[in-house]
Amino acid sequence: MTVQAPAPTPTAAAPATRPLLQVTNLKKHFPIRRGVFQRVVGHVRAVDDVSFHINPGETLGLVGESGCGKTTVGRTLLRLIEPTAGEIAFEGRDVRALSGGQLRQLRRDMQIVFQDPYGSLNPRMTIRAIVEEGLIIHGLGNRKERLEKVIDTLEDVGLDPTYINRYPHEFSGGQRQRICVARALALNPKFMVLDEPISALDVSIQSQIINLFTELRRKHNLTYLFISHDLSVVEYISDRVAVMYLGELVETGTSRELYHHAIHPYTKALLSSVPKMTPGKKPERIVLPGDVPSPSRPPPGCRFHPRCPLAIDICKVESPRETIVDGHMFRCHVMEQQLKSPASKK
Amino acid sequence: MTEPLVEIKNLRTHFFTDEGVVKAVEDVSLTIPRGKTLGLVGESGCGKSVTALSIIRLISPPGKIVSGSIAFYDDGRKIELTTLPEAEMRKMRGSRIAMIFQEPMTSLNPVFTVGSQIAEAVRLHHRVSSREAWDRAVEMLHKVRIPDAQRRASEYPHHFSGGMRQRVMIAMALSCNPKLLIADEPSTALDVTIQAQVLDLLRDLQTEFGMSILIITHDLGVIAEMADDVCVMYASKVVEYAPVVELFTNPLHPYTRGLFASRPEPGKPKDQKLRTIPGVVPSPLRFPSGCKFHPRCAYAQERCKKEEPVLRRPNLSQIPPSHVVHCHFAEQIEEQEEAAVKSV
């Protein structure tokens, strides 16, 4: 077993710390097969050239509409889906090159919580068996130690350990999500992918689970990738936020920057679409025309250009590159020109 | 005060299941004003959808409207919906009252073109030729801003995206000029940018057609944007009822307060924990005694466990008479909360 490096202080977004996770040019293309011989007739470019990093102790929010590839990103990080190309480095180790025992060790450090707490628990297993399973697979502890660990973990996630021999159907949605979190937490991971973990829950239960995540993060020094389409929740929980559109990252910045000074026209439209809690006022809204195009035939040039209110000629041909201003990344031709011309600087 | 289109009084809808009687709607009274929007907000299982289905009488056994009245005012006539014969009710559905659902994917028939499905609804209520009905379908698709409506009318539902299908559903619902549109979570299954399009569309169509809307949602943001009046439901009961601005500025019921406080809002400090409503929504088979919210209520007292409160006007000077709340201690809680805010 590797000796654990001295725990880095979880100062959010301190540029000097080495990132816990570094993703470079990640791609995942799913083949589309047709006909008798299942010939590959095209590809769904679910994730195309995505790069980002997450610092230790930090929470990165990943937002976007359905089909933009955010879930695929989460799953490729753990190699639950094999990426097509790109690099994923976890604590400096290349995740894609690992196999066998090393991969298993990696999966102890990286865990995932899924959206649907009804579908992701085996109805025939007791809570104890569910939470203990990971410990058995990784050969951790003897029977007694494992039981202690299960009880500790259940207490950690706010479940009464006397329920240990009950089955998932005896629990409510919020409690089931706590069981899912306990299952992930039992292995003492360093990093957790939270894939829409509260979307299936009732409104009055959501805040309980959000508080649980922030508590656990502080207590166990966890790092999260928080995937969600709920922009207010992401703002609350994340230190930095990345916005995806049709398989690409269009903007990344600290959550304060991104929510108050969004640069990319898609981010602006997305933020303005969230229903505001101010009745009586007519919402000022950028309504985007049309629907999200299919990722199997993304538009040429900037993928957002057919819906973009700012689009100019170059957007139709050339894909915009990453521009970084004060750690705030965006990909947009128009905004790049605007921010670079000194006359328009405010 | 605008005149009402629908007036529900003391509605009770129960489901007689093998496991017991599920009292899905208990003593609900509400008014849908003419040309305005009433928002019905609550969590899953609180009875908001069953209330809506009772209005359009789509409650099937083991469910039954047990008591109460639903009055529909149509051109000066008062129609009692709970006792209307089924044949008459069928005429009301579509032509006077229309409904759209959360799932635009499953509400359309996959083997017919969308144009023919809308035309079918038109011909059910009007004696028109199939040509005229088709033209009406195209016109409606145009009204819900589906581009190239003429061509898209001959396409099948699977050619349409989620947002477009919801537009088709709205076109179908409005094709016979209903007086009331019931929208049950119309934007929940849609992405935020598409949700914004659909909500804007509904608002514009309301201005154009002048219908009333009953919108059902769990999203307070949607309520803020759409509703004129709001009715908050919890465990089959109306717990608070007020005009929208009033409810958002002065929520009185502990449950409503909790819903507002537990939402992460832009600008709320991040290092603070979110306020939560403890516990879970009770099962309608085993509702608690007294006030059904008392096991989760921070202010609950002995009286709350025994005695069910009534929906009443609170004795508070700043609260207008249109604001009612289902709580014994609304005044005391308001005073406590005011004091807490001042002391900070």
Side-chain angles (χ1 to χ4, degrees), chain A residues 63-68 171-175 200-212 214-215 218 229-239 245 255-256 259-260 266 269-283 285-294 307, chain B residues 41-46 147 160-164 187 189-197 199-200 203 218-228 230 234 243-249 255 258-268 270-271 273-281 283 296:
Chain A
V63 296
E65 296 179 273
S66 51
C68 73
F171 294 88
S172 69
Q175 286 172 316
L201 305 176
D202 265 325
V203 192
S204 72
I205 308 298
Q206 289 189 351
S207 54
Q208 297 175 4
I209 302 295
I210 298 171
N211 280 348
L212 175 69
T214 46
E215 237 167 71
R218 202 172 317 129
H229 66 271
D230 187 331
L231 291 149
S232 348
V233 171
V234 168
E235 184 195 12
Y236 175 79
I237 205 163
S238 314
D239 301 305
Y245 183 77
S255 80
R256 171 166 278 279
Y259 278 79
H260 292 95
Y266 176 65
L270 197 63
L271 290 172
S272 80
S273 298
V274 180
K276 304 288 177 302
M277 298 284 277
T278 45
K281 272 190 212 158
K282 188 151 173 51
R285 184 176 282 161
I286 310 163
V287 173
L288 292 178
D291 289 308
V292 184
S294 155
R307 303 178 75 196
Chain B
V41 66
E43 296 176 280
S44 48
C46 73
F160 290 76
S161 66
M164 284 293 161
S187 59
L190 307 175
D191 279 314
V192 270
T193 58
I194 310 297
Q195 162 170 300
Q197 293 173 1
L199 295 183
D200 282 358
R203 251 198 318 265
H218 63 272
D219 187 335
L220 288 166
V222 172
I223 289 285
E225 289 205 352
M226 298 295 293
D228 297 298
V230 192
Y234 181 80
V244 64
V245 178
E246 169 62 21
L247 187 91
F248 277 66
T249 34
Y255 175 66
L259 281 186
F260 280 114
S262 63
R263 278 292 300 165
E265 279 310 309
K268 267 194 192 172
K270 284 185 161 200
D271 40 351
K273 270 191 167 186
L274 291 176
R275 268 174 68 169
T276 59
I277 304 175
V280 295
V281 183
S283 150
R296 305 180 70 188

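So that the names make sense, note that chain A is the first sequence line, chain B the second, and so on, each numbered from 1. In what follows, every heavy atom counts, from backbone to side chain, and hydrogens, waters and symmetry copies are set aside.
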(message) Can you tell me how far apart CG (L274(B)) and OG1 (T214(A)) are? Round to the nearest 0.5 Å.
(response) 7.0 Å
(message) Set out, in order, the CA-CA distance, both residues' side-chain angles and the distance that settles side chain to side chain contact (heavy atoms under 4.5 Å, CB included) for E225(B) and M277(A), then state yes or no.
(response) CA-CA 8 Å; E225(B) 289 205 352; M277(A) 298 284 277; over 6 Å; no
(message) Need one label for Q175(A): side chain, backbone, both or neither, based on atoms under 4.5 Å from any heavy atom in chain B.
(response) neither
(request) Determine the minimum heavy-atom distance between I205(A) and G279(B), stating which atoms define it. (result) CD1-O, 3.5 Å
(request) Report yes if the side chains of S204(A) and R296(B) come closer than 4.5 Å at any heavy-atom pair, otherwise no. (result) yes
(message) With rounding to the nearest 0.5 angstrom, report the CD to NZ distance, E215(A) to K273(B).
(response) 4.0 Å
(message) Before you tell me yes or no, could you show the steps for Q208(A) and S262(B) under side chain to side chain contact (heavy atoms under 4.5 Å, CB included), namely the whole-Å CA-CA distance, both residues' side-chain angles and the distance that decides it to 0.1 Å?
(response) CA-CA 9 Å; Q208(A) 297 175 4; S262(B) 63; over 6 Å; no
(request) Check each atom of L270(A) against the heavy atoms of chain B and say whether the ones under 4.5 Å are side chain, backbone, both or neither. (result) both
(message) Treating D202(A) as the side-chain partner and S44(B) as the backbone partner, does any N or O pair qualify as donor plus acceptor under 3.5 Å?
(response) yes
(message) Under a 4.5 Å cutoff for heavy-atom pairs, which residue among T193(B), V192(B), V222(B) has the most contacts with chain A?
(response) T193(B)
(message) Between V287(A) and chain B, with a heavy-atom cut-off of 4.5 Å, which part of the residue counts as in contact: side chain, backbone, both or neither?
(response) side chain
(request) Please check if the side chain of Q197(B) supplies one atom and the backbone of P289(A) the other of a donor-acceptor pair under 3.5 Å. (result) no
(message) Side chains of S207(A) and R275(B): any donor to acceptor distance under 3.5 Å?
(response) no
(message) Between E43(B) and chain A, with a heavy-atom cut-off of 4.5 Å, which part of the residue counts as in contact: side chain, backbone, both or neither?
(response) both
(request) Nearest 0.5 Å please: distance from the CG atom of L199(B) over to the CZ atom of R285(A). (result) 6.5 Å
(message) Applying side chain to side chain contact (heavy atoms under 4.5 Å, CB included) to S273(A) and Q195(B), what does each step give before you reach the verdict?
(response) CA-CA 8 Å; S273(A) 298; Q195(B) 162 170 300; over 6 Å; no
